[in-house]
Amino acid sequence: MTIGLSEVQAQKYFTREGKISFYSDTPIEKIEAHNQKATCVLDVASGRMEFAVLVKAFQFEKALMQEHFNENYMESGEFPKSVFKGQIADVDGIDFSKDGTYDVTVEGELTIHGIAQTVSTPGQITVAGDTISATAKFETKPENHGIKIPSVVRKNIAEVVQIDVNVALEPFKK
Amino acid sequence: MYYKPHQNIKTSKADVNLSAMEVFQAFESDESTANEQYLDKIMAVSGKVRDVSKNEEGIVSVTLDAGQDMFGVICQLDQLSKHPREDFPIGEEVSFKGVCTGMLMDVVLVRCVEMN
C-alpha cells in the first residue's frame, strides 16, 4: 500500500484490521471467503481513501476452493495484493467532529488480478467519538479483471461477485 | 478431493525459519524476491510481542517487533487449530508458524500456531 508516511497527519484515520469478504452465489454453489487483515487509510480532509488486501490471506471453508482461487483465478503468486484507491465523493457533507451516520458514494479504481477498473459504489460512514467506521459494497465481474473461468465451471461462479468492506478506523498516531 | 481438508499447520513442518526482523527486512528490501521465496510457505517466525489484538469475531493477532517504528510481522492465529493460550505479554519472546501471505504495511502470516 502506498501512503506517504512522512505526510501522515492527524486528519488521517487508519486500520490494519479491516474486514473484506466476497460472495459468489449461484444456484449450483455458494462461495464465500473472508479476510480480516486489510489495511485502510482515510484522509478526512480530502475524503481520499485507500485500502489494500493480501489475496492469500482470504480464507475459504473448502481448501480446494481456496487453492483454485489462488492458483487458477487470482494468480496470487503473481498478483499478491488487491487495492482500491479513491475518494468519498460527498465528503463535504460529513461532519467528522460529531457522531452520526452518513450515506456516501465511493469512487475510484479497484485493482484485482493486476487490472484496474473504475468503480462507483454506495457506502456508509459512521462517526462515533474517535472511531470512524466505513462500509461499502462493490460488485465486479471476474472477466473485467482479466480472470478467465473455464466454461465447465462457469455456472458455479457468479457473473457478478459481491465484495463487502467493513473497516473501523482510528486516528493515525506515530 | 472436493472435501480435501485444509492443511494441518500444527503437524506441518516449517519450510523456513526466520526472526521477525529477518522476515521484515527481506520484504522491505526486495518485495518481489521475498514474494517468490516466501508466499504460501509455512514460515516459523520468532520475535518479541509488540501488540496483541482480538477482533469482534474473536480472531487473535499477535504483532512481532521487527525493529521498526510502526510496522512488524503480524501473526493471525489459526481459526481451525486449538491454542494453548491466546494471551501474550508484550515484550515476551515467542515463535509462531503459519502461512506467509505477503506484505501490506506489515508482513502478514495467517493460520498461525505457537511453537514451543
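In what follows, chains are A, B, ... by sequence order, proteins preceding strands, each numbered from 1.
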Practice task
Following the transitive rule for hydrophobic clusters with a side-chain heavy-atom cut-off under 4.5 Å over Ile, Leu, Val, Met, Phe, Trp and Tyr, establish whether A/Ile28 and A/Tyr73 coincide in one cluster.
Solution key: no
Practice task
Output the residues of residues 11-31 of chain B for which the shortest heavy-atom distance to chain A is under 4.5 Å, in residue-number order; output 'none' if no such residue exists.
Solution key: B/Glu31
Side-chain donor-acceptor pairs under 3.5 Å in residues 42-51 of chain B, sequence neighbours left out?
{"residue": "B/Arg50", "atom": "NH1", "partner": "B/Gln68", "partner atom": "O", "Å": "2.8"}
{"residue": "B/Arg50", "atom": "NH2", "partner": "B/Asp69", "partner atom": "O", "Å": "2.5"}

Completion exercise
Residues pairing under salt bridge (Lys or Arg N to Asp or Glu O under 4.0 Å) where one sits in residues 93-110 of chain B, two or more places apart or in two chains, turn out to be A/Arg16-B/Asp106
Practice task
Determine, using the 4.5 Å side-chain heavy-atom cutoff (strictly less than), whether A/Phe138 and A/Phe79 are members of one ILVMFWY cluster.
Solution key: no
Fill in the blank from the handout: Most heavy-atom pairs under 4.5 Å with chain B, out of A/Ala168, A/Ala38, A/Ala57, belong to A/Ala57
Handout entry: Region of A/Val55 that comes under 4.5 Å of a non-hydrogen atom in chain B
Key = neither
Exercise for the section: For each of A/Glu61, A/Lys37, A/Gln59, A/Glu17, tally heavy-atom pairs with chain B at distances under 4.5 Å, and name the one with the top tally. Expected result: A/Lys37
Exercise for the section: Please state whether the side chain, the backbone, both or neither of B/Ile74 comes within less than 4.5 Å of a heavy atom of chain A. Expected result: side chain
Practice task
Check whether any side-chain heavy atom of B/Leu39 sits under 4.5 Å from a side-chain heavy atom of A/Pro80, and report yes or no.
Solution key: yes
Handout entry: Rounded distance (nearest 0.5 Å) linking atom NE2 of A/His34 with atom CD1 of B/Ile59
Key = 9.5 Å
Practice task
Flag yes if B/Val94 and B/Met115 sit in one hydrophobic cluster, no otherwise; membership is Ile, Leu, Val, Met, Phe, Trp, Tyr, and two members link when side-chain heavy atoms are under 4.5 Å apart.
Solution key: no
Handout entry: Least distance between heavy atoms, B/Leu104 atom then A/Val53 atom
Key = CD2-N, 3.9 Å
Contacts table for residues 121-129 of chain A: side-chain donor-acceptor under 3.5 angstrom, sequence neighbours left out:
{"residue": "A/Thr121", "atom": "OG1", "partner": "A/Lys137", "partner atom": "O", "Å": "2.1"}
{"residue": "A/Gln124", "atom": "NE2", "partner": "A/Asp103", "partner atom": "OD1", "Å": "3.0"}
{"residue": "A/Thr126", "atom": "OG1", "partner": "A/Thr101", "partner atom": "OG1", "Å": "3.4"}

Practice task
Look up atom CZ in A/Phe172 and atom CE in B/Met70, then write down how far apart they are to the nearest 0.5 Å.
Solution key: 3.0 Å
Practice task
Consider only side-chain heavy atoms of I, L, V, M, F, W and Y, link residues closer than 4.5 Å, and tell whether A/Val160 and A/Ile20 are in one cluster.
Solution key: no
Practice task
Flag yes if A/Ile163 and A/Met65 sit in one hydrophobic cluster, no otherwise; membership is Ile, Leu, Val, Met, Phe, Trp, Tyr, and two members link when side-chain heavy atoms are under 4.5 Å apart.
Solution key: yes
Problem - Test item: A/Gln36 and B/Gln79 side chains (from C-beta on) under 4.5 Å apart, heavy atoms - result: yes
Practice task
Using atom types as modelled and distance alone, determine if a side-chain donor or acceptor of B/His6 lies under 3.5 Å from a backbone N or O of A/Phe60.
Solution key: yes
Practice task
Answer yes or no: does atom CD of B/Glu56 have more than 12 heavy-atom neighbours from other residues, nucleotides or ligands under 6.0 Å?
Solution key: no
Fill in the blank from the handout: Ranking B/Val108, B/Val99, B/Thr101 by heavy-atom pairs under 4.5 Å to chain A gives rank one to B/Thr101
Practice task
Give a yes or no on whether B/Lys10 atom NZ has more than 12 heavy-atom contacts from other residues, nucleotides or ligands under 6.0 Å away.
Solution key: yes
Practice task
Start with the C-alpha distance between B/Glu57 and A/Lys19, add both sets of side-chain angles, then the distance that settles salt bridge (Lys or Arg N to Asp or Glu O under 4.0 Å), and finish with yes or no.
Solution key: CA-CA 11 Å; B/Glu57 293 156 73; A/Lys19 195 178 159 191; 3.5 Å; yes
